[in-house]
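Notes follow the structure.
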Number of protein chains: 2
Amino acid sequence: MKRRTSPDETRERIVRAAGEVFGRHGFDGTTVRQITRRAGVNVASVNYHFRDKGELYMRVLREAKCLAGDLAATEFRGAPEEQLRGFVFTFVRRLLDPNRPAWHVQVITQEMMRPTPALDFLVREMTEPIFRRVRELIGAVAGRKLPGPKLDMLASSVLGQCLFYVRSRPMIERLAPELSRGPDRIERISDHIATFTLAALCHLFNKRPSARKGKTSNRGRVPALYAV
Amino acid sequence: MKRRTSPDETRERIVRAAGEVFGRHGFDGTTVRQITRRAGVNVASVNYHFRDKGELYMRVLREAKCLAGDLAATEFRGAPEEQLRGFVFTFVRRLLDPNRPAWHVQVITQEMMRPTPALDFLVREMTEPIFRRVRELIGAVAGRKLPGPKLDMLASSVLGQCLFYVRSRPMIERLAPELSRGPDRIERISDHIATFTLAALCHLFNKRPSARKGKTSNRGRVPALYAV
DNA sequence: TGACAATCCAAACATTTGTTTCAAACTTTT
DNA sequence: AAAAGTTTGAAACAAATGTTTGGATTGTCA
C-alpha cells in the first residue's frame, strides 16, 4: 500500500508552509508549531528533515532566491532606454505578480528589513548582481561615464521606486487603494516607474526627449519576451 | 533623601529602551525582559506603569509619531519646485539625521512592514497627511490638474526614493558603503532625490529646464529655514 | 513622627517556545 | 516473509515568554 505522503512531499510541504509563515512574520515572529500546523505534519518533522528552525529558514531563503530568478543575468534588447524599461517591467512583475507565490518576495523583504546572519548570503547571491545590473543599464542610458556614488544613487532611485510598492503595501492599500487593485495594476505601475525614470535621466543627461509621453505607445510596451 | 530615580524617569527610561528594542526587533521579536534589562529596571515595571506589552508599544508609537514632527503641516516658501525640494530635504533629514534617536524612524518602519493593529493609527496620524502633502506639492509643480491615480504614483516615486535609504540600510551598507558614510551624506542624498524628481517632473510636464544640473548651485540649496 | 499611598523588586505563575525521546508505522532490502 | 533502515507521531524536556503576586522600600502629608 502506498504511503499517504512521501518523505519528499513532507519536506516540500514544510518548506512551502515555512515560506508563507516566515514571509508574513519573519524569523523571530514565526513558531515551528505554526509551520507544522499549516503543513499538516508533526512538530518533530522539522527537526528530523531539517536540523533545526534556522536550517529550515536558510532552506526557505535559498528556495526564494532560486525562484526569484536570475534577473541580473537576463539580457534585454533594443536601445538602452528600452533595456532599462524592460528591466523595470520584469522586476516589478516579479515583485507583484499574484500568480507567483507571494512569500518569495515577502521572506526576502523581511530579511532585508530585520537582518539575520543569513542576510549576507542574500545580498551576495541576488541583491548585489541586481544592483550592479541596474547601474550598468543606467550608465548606458546616460551615455557617459558617471562617478560611482552618483550611479549608486541613480540605481537607488530606480529600486526604491519599485520596492516601495512591495514594502509599503499595507500602507498603500489604505492610502491609495486604486493602486493595489485592477488586473492592469502591474503594468500601470511598471509603466509609470519606467517613464518617470527615463524622463529624469533624459533631462539630466540632455538626451533627446525620447518620444514617450502620456499614454502607452507601442514602443513603450515591454516586448512579450521580457514579460516573464 | 531623594529617590535615585523618580517614577517619571522610570517611565521615560522604559519608553526609550522600548523604542530602541522595538525599533530593532519589532513587536514580536522583542521581549519585555530585553527592555527592562536595557532600561535597568525591574521586569514588573512594565506591567505596573503601562498595562502590558501592547500598551507600552502603543505609547512608543505615539512618541515616535510625535517626535517625527508635523512634517505635513510645514510650510515651504518659494516657487513650487523650491517647495518640493524643501520637502525632500526636510523629510530625508528627519529620516537619516543621526542626531535624532534612530528608533523613531525604525519603529515606524517596522510597523509598516509587519503591521500590528496599531498600523491604522500610524497611517491616519502621520502617513496619510504626509502623502496628501506630497501630492499637493507635485500637483503644484506639474502646474495642471492630474488624475488621482497618476498623482498617487508620482507621490509614491518620491516617497519610495526617500524611504529606500532607510529601509534598505543594511543592504546599502554592503552594496554602496560610500552612500552611508560622510558627514554630507544626508545633503548628497537629498539633493540627488530632489534633482532627480524635479528633472522627471520637468520633462514630463514640459516645464522649462529649471536651470539645475550637475553640482549644487546656490538656488538648489535648501534654505536654512527648512533645514530643521 | 507616623500613617498612608505610591513605587519598586524578587519570586513565582501559567503558557509557549525549540528540541528531544522513543516506540509505532512504514518502506526497502534480504 | 523476515530483517534492516526510514519516517512518523504523541509525549515530554528545559528554557523563555508575558504577567501576577505580596512584601519591602520610598515619598507625602497629617
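Only this structure's heavy atoms are used, side chains among them; waters, hydrogens and symmetry mates stay out. Within every chain, numbering begins at 1; the chains are lettered A, B, ... in the order of the sequence lines, protein sequences first and strands thereafter.
With 3.5 Å as the limit, one finds a donor-acceptor pair spanning the side chains of B/Ser168 and A/Arg167. Counting only N and O atoms by type, the side chains of A/Arg85 and A/Thr195 include a donor and acceptor under 3.5 Å apart. Judged purely by distance below 3.5 Å, without hydrogens or angles, the side chains of B/Arg114 and A/Gln110 pair a donor atom with an acceptor atom.
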How does each nucleotide of nucleotides 10-17 of chain D score, in 5' to 3' order, for protein heavy atoms under 4.0 Å: base (B), sugar-phosphate only (S), or none (-)?
B-B----B

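Taking atom CG on B/Asp28 and atom P on D/dG18, their separation rounds to 10 Å, with Å as the unit. As rounded to whole Å, 12 Å separates atom P of D/dT7 from atom CZ of A/Phe50. Going from atom CG of A/Asp8 over to atom P of D/dT7 covers 8 Å, rounded to whole Å. Counting to the nearest Å, the C1' atom of D/dG18 and the CD atom of B/Glu55 are 15 Å from each other. Atom CG in B/Asn47 sits about 15 Å away from atom C1' in C/dA11, given to the nearest Å. Whole-Å rounding puts the B/Asp52 CG to D/dT19 P distance at 5 Å. With rounding to whole Å, B/Ile14 atom CD1 is found 11 Å from C/dT7 atom C1'. Between B/Tyr48 atom OH and D/dT19 atom C1' there is a gap of 16 Å when expressed in whole angstrom units.
Relative ring orientation between A/His192 and A/Phe196 is described as tilted, the plane-to-plane angle lying within the 30° to 60° band. Taking the six-membered ring for Trp and thresholds of 30 and 60 degrees, A/Tyr57 and A/Phe22 have ring planes more than 60 degrees apart, a perpendicular arrangement.
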Less than 3.5 Å apart, which donor and acceptor atoms pair up between the side chains of residues 173-183 of chain B and the rest of the protein, not counting sequence neighbours?
unit_1: B/Arg174; atom_1: NE; unit_2: A/Asp120; atom_2: OD1; d: 2.9
unit_1: B/Arg174; atom_1: NH1; unit_2: B/Pro170; atom_2: O; d: 3.1
unit_1: B/Arg174; atom_1: NH2; unit_2: A/Asp120; atom_2: OD1; d: 3.1

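Considering only side-chain N and O atoms, A/His49 lies nowhere under 4.0 angstrom from the phosphate OP1 or OP2 of D/dT6.
Residue contacts shown for A/Thr10 are limited to sugar-phosphate atoms, with no base heavy atom under 4.0 Å away.
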